[in-house]
Amino acid sequence: MVKYGLDYTRCRWILPLLLGIGVIFGIIALAGRGWLESQTLPYVHQASLWESCRKAFEGGEWRCESLMGYAWGRAAAATYLVGFILLVICFALAIIAFAIDTLRFNFIRGIGGLLFVAAVFSIMGLVIYPVKFSSEIEMTGINMFSWAYGFGWTTAIMEICLGFFFCCLPNYEDQILGNVKPTYFYSSP
């Protein structure tokens, strides 16, 4: 990407595309019911960021309890949701930044800083949830933090990595804009 510059049409939209994938993963984590699931038969427990559901026995009815009744449930949901909203804002700003013909590199560095803030909020929610859930909710059998929780961590890791990339991109401003004279290592005899 640096070799051809950001004007190279196929490379210009890689960063906003990766942010868009992070937004999709965040939506899956927010809406998914697989934050915690029973690992073995009988499957009697399933939880999301918003509620915890359990069955008395296999084939019975699911009884769900909202986690918003707990202070830690509201804190985990709020911090993860704030991180997700900041990620969506960064996605919109990246679309704007890369749609403009003349890149504003300080603007891009600001998006990177905002991504780090989003990662901090997301990680706070992802840490509060399992610590308090396992200590305050009675769990029977063997349970595991599952696929939707994994999507939440993937979103947080993407926020950190893209934050580094957005912050470091302005350091290569001359190479990206093509202002550097090429160096040739060939010498004539």
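By convention here, the first residue in the shown sequence is residue 1. No experiment lies behind these values; they were computed from the predicted model shown.
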Can you hop from [X] to [Y] via hydrophobic side chains spaced under 4.5 Å?
X: V127; Y: L86; answer: yes
X: I123; Y: L30; answer: yes
X: F25; Y: I157; answer: no
X: L93; Y: I14; answer: yes
X: V120; Y: I111; answer: yes

Smallest separation among heavy atoms of [X] and [Y], with atom names:
X: G113; Y: C167; answer: N-SG, 3.8 Å
X: C64; Y: E51; answer: CB-OE1, 3.8 Å
X: I137; Y: S52; answer: CG2-OG, 4.3 Å
X: A148; Y: A29; answer: O-CB, 3.6 Å
X: G32; Y: S48; answer: O-CB, 3.3 Å
X: M158; Y: G22; answer: CE-N, 3.7 Å

How long is the gap from [atom1] on [X] to [atom2] on [Y], to the nearest 0.5 Å?
X: L115; Y: C161; atom1: CG; atom2: SG; result: 10.5 Å
X: W50; Y: L81; atom1: CH2; atom2: CG; result: 5.0 Å
X: L17; Y: I95; atom1: CG; atom2: CD1; result: 9.0 Å
X: I160; Y: S122; atom1: CD1; atom2: OG; result: 9.0 Å
X: L15; Y: I108; atom1: CG; atom2: CD1; result: 8.0 Å
X: L19; Y: I89; atom1: CG; atom2: CD1; result: 12.5 Å

Any [X] side-chain heavy atom under 4.5 Å of [Y] side chain:
X: L87; Y: F91; answer: no
X: F133; Y: W72; answer: yes
X: P130; Y: W35; answer: no
X: E37; Y: W147; answer: yes
X: R33; Y: C53; answer: yes
X: L114; Y: F166; answer: no

Fill in: Any donor-acceptor N or O pair under 3.5 Å, side chains Y70, E65
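Yes, side-chain donor-acceptor contact under 3.5 Å.
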Worksheet item: Where the side chain of R54 meets the backbone of H45, is there a donor-acceptor pair that is under 3.5 Å apart?
Response: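 Side chain of R54 to backbone of H45, a donor-acceptor pair under 3.5 Å: no, none is there.
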Worksheet item: Quick check: does any side chain N or O of E159 sit under 3.5 Å from a backbone N or O of A119, one acting as donor and the other as acceptor?
Response: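 Checked: pair present.
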Fill in: Criterion side-chain contact (heavy atoms from CB on, under 4.5 Å) on R74 and L67, from CA distance to verdict
CA-CA 7 Å; R74 290 189 303 270; L67 295 178; over 6 Å; no
Practice prompt. Assert yes or no for the condition that the ring centre distance of Y129 to Y80 is strictly below 6.0 Å.
Written response: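 Not under 6.0 Å, so no.
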Worksheet item: Angle class for the W153/Y149 ring planes (parallel below 30°, perpendicular above 60°, tilted otherwise)?
Response: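 Taking Y149 first and then W153, their aromatic rings stand perpendicular (interplane angle over 60°).
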Item to complete: Could you check I85 against F121 for side-chain contact (heavy atoms from CB on, under 4.5 Å), going step by step and ending with a plain yes or no?
Response: CA-CA 10 Å; I85 290 169; F121 277 104; over 6 Å; no
